[in-house]
Amino acid sequence: MSQIRNIVILTGAGISAESGIDTFRGGGGLWEQHRVEDVATPEAFARDPNLVLRFYDMRREAIQEKLPNAAHFALAELDAKWQGNLLIVTQNVDDLHERGGARRVLHMHGEHLKAWCTSCDVRSHWRGTLLDRPPCPVCQARTLRPDVVWFGEMPYRMGEIYGALREADLFVSIGTSGAVYPAAGFVQNARELGVQTLELNLERSQGSALFHETRLGPATEVVPAWVAEMIQ
Ligand code: OAD
């Protein structure tokens, strides 16, 4: 690994699973309790805002009780020690990477702990409810929505992500099923750019065949083991 200088890491729901946050597509996963089209689209929000706000209020409250696990801590250690470029691109809307201590984190699907005012376009830190239509702390309009990317909306900061991939020597995908684009396409982008690719996941995913190497196991085991190799 000595020739590796710049790293892009993509994380998905699997890295937070052992912290007690349901994955999206696993048994007992989120979408089995709530149909995705009932909660995670702009159309659903227009049709039934109370349902959507209630759902995200519940999730926002729940994640605040969860704790980062050994995989989050290991990535934070890598972030702190790695001298080259490093970017943790997460599809997760929880804040467990940050609470684990990671600094170089990009939330491409938004964040539970932020509210987006669609009147003044400002995003504010948010821990409480949105269901009772609180005023925006900046413009006072009662037009706050969860700052999460819904199906059919554009993920955040794609230019930065593709820029980091172009500079990368290694792309690592952790705990993601490879079912949702554009994140699912990063491994293909990386391969086309000649970047080494590694997958760490509980089981083989839809994209496994595209990676140079796949290591299977729970994130709390395989991620610390990989980080130990990188910073030895
Ligand atoms: P998924 O639920 O689709 O996939 C979770 C992945 O984590 C699966 O491949 C599991 O095998 C793996 N996994 C489960 N437990 C694990 C563990 N303990 N250790 C390691 N891996 C484990 O979640 P995502 O791939 O993150 O988008 O889903 C991608 C996007 O789809 C989400 O960000 C969300 C959803 O729709 C939006 O909300 C826009």
Side-chain angles (χ1 to χ4, degrees), residues 9-45 52 55-56 58-60 62-63 66-75 88-97 100 105-114 116 145-158 161 171-188 197-211 213-227:
I9 300 167
L10 173 70
T11 67
I15 197 166
S16 294
E18 290 163 88
S19 293
I21 300 177
D22 287 344
T23 64
F24 290 92
R25 293 174 182 79
L30 187 61
W31 305 136
E32 290 172 16
Q33 290 141 43
H34 288 269
R35 293 196 312 149
V36 55
E37 56 273 31
D38 290 340
V39 287
T41 66
E43 294 77 14
F45 187 53
V52 176
F55 174 78
Y56 282 97
M58 189 187 82
R59 300 291 299 173
R60 193 179 310 103
I63 64 149
K66 309 298 182 189
L67 296 172
N69 64 47
H72 298 105
F73 288 126
L75 290 189
I88 301 170
V89 178
T90 187
Q91 299 166 88
N92 298 344
V93 291
D94 65 53
D95 64 339
L96 296 184
H97 282 305
V105 181
L106 185 161
H107 283 272
M108 66 177 291
H109 288 167
E111 296 172 66
H112 268 323
L113 297 183
K114 284 188 182 165
W116 171 26
R145 58 161 271 187
D147 189 18
V148 296
V149 174
W150 286 327
F151 286 95
E153 295 183 326
M154 189 69 86
Y156 296 158
R157 299 167 66 183
M158 293 304 296
I161 298 170
F171 170 71
V172 185
S173 171
I174 303 174
T176 177
S177 61
V180 175
Y181 283 82
F186 292 164
V187 59
Q188 188 69 43
T197 56
L198 169 67
E199 178 183 40
L200 307 177
N201 208 10
L202 188 61
E203 55 204 4
R204 287 183 69 77
S205 69
Q206 291 184 31
S208 287
L210 295 168
F211 288 84
E213 186 188 354
T214 293
R215 299 183 191 176
L216 300 181
T220 55
E221 292 175 17
V222 291
V223 176
W226 170 69
V227 167

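Note that ligands are numbered from 1 as they come in the structure, with each ligand's atoms numbered from 1 the same way.
Residue Pro218 has at least one heavy-atom neighbour below 4.0 Å for each of these atoms of ligand 1: 19 (N). Of all the atoms in ligand 1, the ones that sit under 4.0 Å from a non-hydrogen atom of Glu203 are 11 (O). Those atoms of ligand 1 that come under 4.0 Å of a heavy atom in Gly175, given as number and element, are 5 (C), 6 (C), 7 (O), 21 (N). Ligand 1 places these atoms under 4.0 Å from at least one heavy atom of His109: 27 (O), 32 (C), 33 (O), 37 (C), 39 (C).
Annotation for Trp150 and Ala40: closest pair CB-O, 3.2 Å, computed over non-hydrogen atoms.
In terms of N/O distances under 3.5 Å, ligand 1 is approached by Glu18. Of the N or O atoms in Ser205, none lie within a sub-3.5 Å distance of an N or O in ligand 1. The shortest N/O to N/O separation between Phe151 and ligand 1 does not fall below 3.5 Å. Between Gly12 and ligand 1, not a single N/O pair is under 3.5 Å apart. Note: no N/O pair closer than 3.5 Å links Gly178 and ligand 1 by distance alone.
For Val180, every heavy-atom contact with ligand 1 shorter than 4.0 Å involves the side chain, none the backbone. Contacts between Trp150 and ligand 1, counted as non-hydrogen atom pairs separated by less than 4.0 Å, are absent for every part of the residue. Only the side chain of Ala17 comes within contact range of ligand 1, with a heavy atom under 4.0 Å; no backbone atom does.
Contacts of Glu203 classified as salt bridge (charged side-chain N to carboxylate O under 4.0 Å, His left out), with partners at least two apart in sequence or in another chain: none. Every salt bridge (charged side-chain N to carboxylate O under 4.0 Å, His left out) that Arg157 has, sequence neighbours left out, goes to Glu160.
Proximity of His109 to Pro155: side-chain heavy atoms (C-beta onward) are separated by under 4.5 Å at one or more points. Thr197 places none of its side-chain heavy atoms less than 4.5 Å from the side chain of Leu210.
In this structure, the separation between OG on Ser177 and CG on Leu202 is 12.0 Å, given to the nearest 0.5 Å. Once rounded to the nearest 0.5 Å, the distance linking CG of Asn92 with CD1 of Ile15 reads 7.5 Å.
Looking at Glu153, Gln91, Glu221, it is Gln91 that brings a heavy atom closest to atom 29 (C) of ligand 1.
Looking only at distances, no side-chain donor or acceptor of Glu153 sits under 3.5 Å from a matching main-chain atom of Pro42.
Under the side-chain contact (heavy atoms from CB on, under 4.5 Å) rule, Ser16 has a single partner from Ile63, Ile21, Val93, which is Ile21.
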